[in-house]
Amino acid sequence: MRRVQRVSTGYLTFHIFPTMKKSLALLLLLSNHLFAQHDKIDVKQYQFELNVNDTTDVIRGKATICFKALQQSENVQFDLVGFDQKSGKGMKVTSAKEGNNDLKFQSQTDNIIISFLKQAEAGLEKTITITYEGVPADGLIIAKNKFGHRTIFADNWPNRARYWIPCNDAPADKAAVSFTVIAPDHYQVISNGLVKEETNLPNHLKLTQYEETVELPTKVMVIGLADFAVQHSGDVDCVPVYSWIYPEDRAKGFYDYAVAKDILTWFISNIGPYSYKKLANVQSTTRFGGMENASAIFYGEGTLTGNGSNEPLLAHEIAHQWFGNTVTEKSFEHLWLSEGFATYFTDLYLEAKYGKAKFDERLTDERNKAIKFAKRTNAPVINPTTDYVNLLNAFSYQKGAWVLHMLRRKLGDDIFWKGIKEYYSAYRGKNANTDDLRTVFEKISGADLKAFFQQWLYTKEHPVLDVSWKYDQKKKEIAITVLQQQQKAFDFPLQVKLGSEVKQLDVHEVKTVVTFPCNAKPSAIILDPEVNLFFEGISKEVKQ
Ligand SMILES: [Zn+2]
């Protein structure tokens, strides 16, 4: 996902409405004690039927959930935010059934517990149907768009699917999904997967059914309803690419989103096959700059420019179709496997298209952001917090991208790309954590990467360098002293530019002194001229 834009530059950066952030954080805290429930079942498939209307914000739903019990159990728990008397929002469950049998259930603030007729053994598959209704307090946003038209858009990240669909709301439990939506017939409905049915019903209603057979995490399962202009902008490897735009923004949006075909082509040829049967880029009311919902990416309605300047945003969200959606982090602790990857693969796509100067400019900007963030955080990139919203920070995004960049420079382009392809193919459709990624790269490269991953991802610090140099006119040589000023010494190559020459110093200790022959005294030495190291520091001459 990407953060809401700073309007003046057109560059998209992260932002969540501050008030929303607080209340969300509180809810996440409240739900923490239930997380242990998430690994008790493995959902295979969700079938959701939802009725929406134009006169109230009440949704009526039926969820048919097929799951496997992973341990012996008397009941099953699904995440679902219950009805709250005070706000009048939340879901009231009216029945829970297994086949024709009614099951006892108990609705709680954040979930529903359904008792089985008899104890289920580990490994048993069950299908349970839950009917419910209510006004969603969040997750499914029923609101007017910027043109004053009523729209309905799901916005689930990180665990807000539970506000409108009963589910096992954790990234590790991926499942197939189908949505059947019955809505007033002026709406066009977008969702994950392909349309299976579209039927006009009496009373100006329309039924639209989508089905996605590839397993998805709940954070990217969505529906979107609005009056849309829809363009099929072309096919890439038999995958149709669509632009879904508010009719008023039709020209701007069709222009901006047409670049999706180039991006899709580049990712398929560099990483591996695209996992879904279509790609729709959708203008929406998402609170994020962009949200990578599988095969139906939602973009903030204000992000269209009509001049193509949002290409990096499209590249970021499309990159997530590989990293985040197809290979999903096992838990949000490893969010950089989504956001760091989407950030770096945007850089790589733009490097291939616009050249190295553009790439260096982006990496420099990303390093600045992450180093600025380092000064106000106490946690490293891998951060086991349950305040997921706070993980949407410059460590998960920009420093994550930098870790991949340094891994690429350490191993070389050939091994880097082999490792990326292998990681994608090994974990396609599954979940991975940081150790899984490391193991793949160790296998491909033959190198031990434990120390590399440890210092860049599990350590909050980064190299803070004081570099001094002295030129010896008689000996025609230069002595360079590198002092690491952070608490723990890092291990890294430091490139320096002396005149027109680039030299490399291997730094392991707190203090490193290296001398190079040098025919003339340089006017200055430039640290990291090729933009290859995540560090901060200065170089200065020490007079004789
Ligand atoms: Zn993202």
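In each ligand, atom 1 is the first atom listed, and ligand 1 is the first ligand listed. All residue numbers in this chain count up from 1 along the given sequence.
Residue-environment remark: CZ (R250) stays at or below the threshold of 12 foreign heavy atoms within 6.0 Å. The neighbour count for Y255 OH, taken as heavy atoms of other residues, nucleotides or ligands under 6.0 Å away, does not exceed 12.
By the side-chain hydrogen bond (donor to acceptor under 3.5 Å, both in side chains) test, T328 is found to be paired with K174, residues two or more places apart in sequence or in another chain being considered.
Under the 4.0 Å criterion applied to side-chain N and carboxylate O atoms, K372 and E366 are not assigned as salt-bridge partners.
Any protein N/O/S atom under 2.8 Å from the Zn ion (ligand 1) was counted, giving 5 altogether.
No side-chain N or O of H149 forms a donor-acceptor pair with one of Y246 less than 3.5 Å apart. Side-chain contact annotation: H462 with Q486, donor-acceptor N/O pair under 3.5 Å absent.
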